[in-house]
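Let me begin by presenting the structure, written as structure tokens, before commenting on it.
Since the model is a prediction, treat every value here as computed from it, not as a measurement.
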Amino acid sequence: MQVRLLGPVDVAIGGGAVEVSGLRRKAVLAALAVAHGEVVSTDRLIDVVWGADPPATALNTLQRHVSHLRQVLGDRDAIRARPPGYVLDLGGADLTDAAQAERLIAEAERAADPAGRAGLLRAALALWRGRSLDDLAGLAGLDAEAERLDNLWIGAQTALVDARLLLGEHAQVLPDLERLARDHRLDERVHGQLMLAQYRSGRPADALATYRRLRRALAADLGLDPGQALRDLEAAVLRQDPALDLAAPRPAAAVPAQIPLAVRGFTGRDAELARLDALLDPAALVVCAVTGPPGVGKTSLAVHWAHGAARQFPDGQLYVNLRDQEPADALRGFLGALGVAADALPPDPQALATLYRSILAGRRVLLILDNARDAEQVRPLLPGTAGCLVLVTARQQLTPLVAAEGAHPFALDLLTGGEARDLLARRLGAERVAAEPGAVEEIIARCARLPLALAIAAAHAATRPGSPLSVQAAQLRDAAGGLDALDGGDPATDVRTVFSWSYRALDDAAARLFRLLGLHPGPDLTAPGAASLAGLPLPRARMLLRRLVEANLLTEHAPGRYAFHDLLRSYAAERALATDAADERREAAHRVLDHHLHTAHAAALLIDPARRPVEPAPPRPGVTIPRLDTPDRALDWFAANHRVLTAAVQRATDDGFDAHAWRLAWTLTTYFDWQGRFDDLVATQLAALDALRRLDEVPGRAHVHRDLGRTLARLGRHEEAEAHLRQALELYERLGDQVGMGRVHHSVGWMLMQQGRHREALAQAERAVERFRAAGDLLWHARTLGAAGWLHAQLGDHAHSLEVCLEALALQQKVGDRHAEAGNWDSIAFAHHRLGDFEAARHGYEEAIRLFDELGDRASLGEVLVHLGDTRAASGDPGAARADWRRALELLEGLGHPAAAEARERLSAR
């Protein structure tokens, strides 16, 4: 805490200024502060505040002013009552900024080195914010102190000029001297300095003109001539006396060149380097915060760019690694590099910062503040004036620095695939890399495109020039996602150690969540998933996720979705295994699987209400389940999470959560079917089948065999499909499940239809209709009736087909089965087409397209577009037909759907 007198009167607390309200209160505070910790009598205070005619209530009012000031200072003991008055005691060495300035000026007088002396004087002068006691002008009791402090400022200014002249800064000091000479038109010392600076700058005529101007002013105002010293200086200028020259001019400060050695083989990052080039601005102070995950190459980028930009900063380049270093230590190092002697450095951190900013004022210096912990560590190291550029690298996002200091945020991401290949080629040779493209791609993938990991892998390969790169790739493969193969031999080049620097900076709660995230399956995670994993309330989980993002140990790659690269995932999993008990890890896995299962189960029933639920066990305590209230939201949720769910099926199978595994697979079948992701559907169902066999869960096995049979039939793998459907029928018969048996008949019929065996397919569909009618399952009765209608059309009975399909349509609309309704409209349209009613056919297909589009069934949408194109072609509209087929081809090719061949064939034939 410090009272500031060198400008408007206020109080500096914790780096900020607190205003004191009221002229008289400011006067009381200033009078106490000017006394430098000595007692000021009440009479003196009353005289300062009210002058010679105080009111009768002056003493009481003074007491209230003191009480208020104690509140402002936040400490009752800051102003103590001591007879015959009060004393200000803030407990610091520099009670006021004026006392601090006087101390710095005294230290400057003792400094033998002109550079150190100049630095101390700059630090002192930087404390003035305007005229001393500026808002108390006119108070007779303080005017003398204000004048003394202003004279102190003049003396410091002229002493600084003397030091700068000794350092050879003749040209640089001229603007300041010209301003001083205008403001102090009768000051002989200032004019003498100006004359000397002008002469040494090669301007003797200007020096003589300055002398004549001062002589006229003295004569006019005071009736005096210049003193002897100034007359001697004029004579020396006239004869160009060599004694006026500086024998050995010295720079104002040393010119540091501290940029570390550039990284050999640096490549890529062209866009990032161009962005840094664009920041160069000699008229501004530029601060750039380069942030990113550990090992992404923040320091390498900063150092590489700094070497190229160094010539733009003729006054030097400073570098400091801030890891485990306090700002005051960094300041001492910088000041030493700038030529300030160690014995001239002030002990106070704030004075160090002031001296540092003063020395940098007016200079063009590039600073690299590497591995910053946070914004607070950086702020004391920022210059105070334009001309400098500061590159800050940090593992954490420096949002406060961006908000308060206007720093440019610069987030560094992983290398692209091409940049990663170039890095390996630079370090290993282009021919060696080109010779083994497969091994190179595997090395890049297993290093997660992380520059540090790639550099370590390249170093290992470079030390074995005769060894194929496939051997290096195999070593990374054998590490199975671990980090042992990425040890460069010292802490700075060991991926695990580099990651640990960021991890150790986390608080306990954020560190625990980071560890648990390493156990999560899938490429990314939502906040509700993270909350479930850690067993935390959702707001708390979101806060911790933000901390991890700020620490660049996690990225929010899409709104609300969080991920980290594979090497950080491996490190997080290592930390979890080393830190968290096995039962705690298993409980976390159970919670997150509960989160995925319960959310996916609800979503599956929203997009296809006809499905029979496979009710999961109640979720564990601490599980968060987001509410999905519409089919569209459910479909969007599957689109965002299906890769996570696929990985969760495999993780559940591997870790013995079999009940979760098969139910999770069940939740995915409709989405995968509608999106044409048949290979994914088969893979998850096979994993589910393994889990169900271990559980001896017969109903679940029946469901899976049926889904596998239906999907394999769509892929044309009819023999496998038939085997699964046969097993499904046997299991449903054992259970006496009429609906299940009916659905198998439905699927068998569909498979036979795919093979062109329409009459056999119709028999299966009719058997299914009877099963559903007997069971009272109106929804599946309607679905299978629609299938029978389609098969009548395939057998050429289009009129009967239309009759059956319309009956099915009425039932489907009654039960609200929009997906079956969409398929049935396709059948109705087909029958109309065959009966020659192209307008009715077009209407039916458009209804099917509308419904499939709304439902998100892209595979069926593509198939119906092919049919609509056929109708348009038959009705004499080939242009519209080709547009439908092109749209169908685009959709079906994007899905890898077999029906794409039909669309392609139509387009190539016309």
Do [X] and [Y] pair up side chain to side chain, a donor and an acceptor below 3.5 Å, judged on atom types alone?
| X | Y | value |
| --- | --- | --- |
| Trp128 | Asp97 | no |
| Thr210 | Gln198 | yes |
| Asp370 | Asn321 | no |

Do [X] and [Y] touch side chain to side chain, with heavy atoms closer than 4.5 Å?
| X | Y | value |
| --- | --- | --- |
| Leu318 | Leu366 | no |
| Leu230 | Met195 | yes |
| Val87 | Glu38 | no |
| Leu391 | Leu276 | yes |
| Leu389 | Leu280 | yes |
| Val378 | Val390 | no |
| Leu165 | Arg200 | yes |
| Leu360 | Arg357 | no |

Drop me the distance from [X]'s [atom1] to [Y]'s [atom2], to the nearest 0.5 angstrom.
| X | Y | atom1 | atom2 | result |
| --- | --- | --- | --- | --- |
| Arg215 | Leu224 | CZ | CG | 14.0 Å |
| Arg185 | Leu214 | CZ | CG | 9.0 Å |
| Leu208 | Asp206 | CG | CG | 9.0 Å |
| Arg4 | Arg129 | CZ | CZ | 4.0 Å |
| Arg25 | Thr61 | CZ | OG1 | 10.5 Å |
| Ile368 | Lys298 | CD1 | NZ | 14.0 Å |

Could you list the residues that satisfy side-chain contact (heavy atoms from CB on, under 4.5 Å) with [X], not counting sequence neighbours?
| X | value |
| --- | --- |
| Arg216 | Arg212, Arg213 |
| Glu109 | Ile105 |
| Arg332 | Ala328, Asp329, Leu345, Leu352 |
| Pro204 | Tyr199, Val237 |

What residues, two or more places apart in sequence or in another chain, satisfy ring pair (Phe, Tyr, Trp, His ring centres under 6.0 Å) together with Phe334?
Tyr356
Could you report the tightest heavy-atom contact between [X] and [Y], atom names first, then the distance?
| X | Y | value |
| --- | --- | --- |
| Thr96 | Ala33 | CG2-CB, 3.6 Å |
| Val9 | Lys26 | O-CE, 3.8 Å |
| Gln312 | Pro314 | O-CD, 3.4 Å |
| Ala146 | Ser132 | CB-O, 3.7 Å |
| Val40 | Arg44 | CG1-CG, 3.5 Å |
| Pro54 | Ile46 | CB-CG2, 3.6 Å |

Can you confirm if the NZ or CZ of Arg275 lies within 45° of the ring axis of Phe410 and under 6.0 Å from the centre of its six-membered ring?
yes
Is the side chain of [X] donor-acceptor paired with the backbone N or O of [Y] at a distance under 3.5 Å, no angle test?
| X | Y | result |
| --- | --- | --- |
| Glu188 | Gly227 | yes |
| His307 | Pro260 | yes |
| Arg364 | Gly387 | yes |
| Gln317 | Phe313 | yes |
| Arg80 | Leu88 | no |
| Gln258 | Tyr319 | yes |
| His191 | Asp187 | yes |
| Glu234 | Tyr211 | no |

Glu147 CD: over 12 foreign heavy atoms closer than 6.0 Å
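It does not: Glu147 CD has 12 such atoms or fewer within range.
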If you count heavy atoms of other groups shown closer than 6.0 angstrom to CD of Glu19, is the number above 12?
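Counting other residues, nucleotides and ligands, CD of Glu19 stays at 12 neighbours or fewer.
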I would like to know whether Val392 and Val287 meet side-chain contact (heavy atoms from CB on, under 4.5 Å); could you show each step before the answer?
CA-CA 7 Å; Val392 186; Val287 182; 4.3 Å; yes
Could you go through the side-chain contact (heavy atoms from CB on, under 4.5 Å) check for Leu322 and Arg373 one step at a time?
CA-CA 7 Å; Leu322 289 173; Arg373 180 178 63 245; over 6 Å; no
When you check the gap from the basic side-chain N to the acidic O, do [X] and [Y] get nearer than 4.0 Å?
| X | Y | value |
| --- | --- | --- |
| Arg379 | Asp374 | no |
| Glu145 | Arg148 | yes |
| Asp241 | Arg239 | yes |

Result of checking Arg70, Gln63, Arg64 against Val66 for side chain to side chain contact (heavy atoms under 4.5 Å, CB included)
Arg70
Verdict with reasoning, Arg82 to Asp89, per salt bridge (charged side-chain N to carboxylate O under 4.0 Å, His left out)
CA-CA 11 Å; Arg82 291 274 183 85; Asp89 181 6; over 6 Å; no
Test Val290 against Thr299 for side-chain contact (heavy atoms from CB on, under 4.5 Å), laying out the working first.
CA-CA 9 Å; Val290 182; Thr299 300; over 6 Å; no
For a side-chain contact (heavy atoms from CB on, under 4.5 Å) check, start with the C-alpha distance between Ile359 and Leu335, then their side-chain angles and the critical distance, and finish with the verdict.
CA-CA 8 Å; Ile359 289 178; Leu335 288 166; 3.7 Å; yes
What side-chain donor-acceptor pairs closer than 3.5 Å can you find for residues 171-179, not counting sequence neighbours?
unit_1 : atom_1 : unit_2 : atom_2 : d
Asp176 : OD1    : Arg179 : NH1    : 3.2
Asp176 : OD2    : Arg164 : NH1    : 3.2

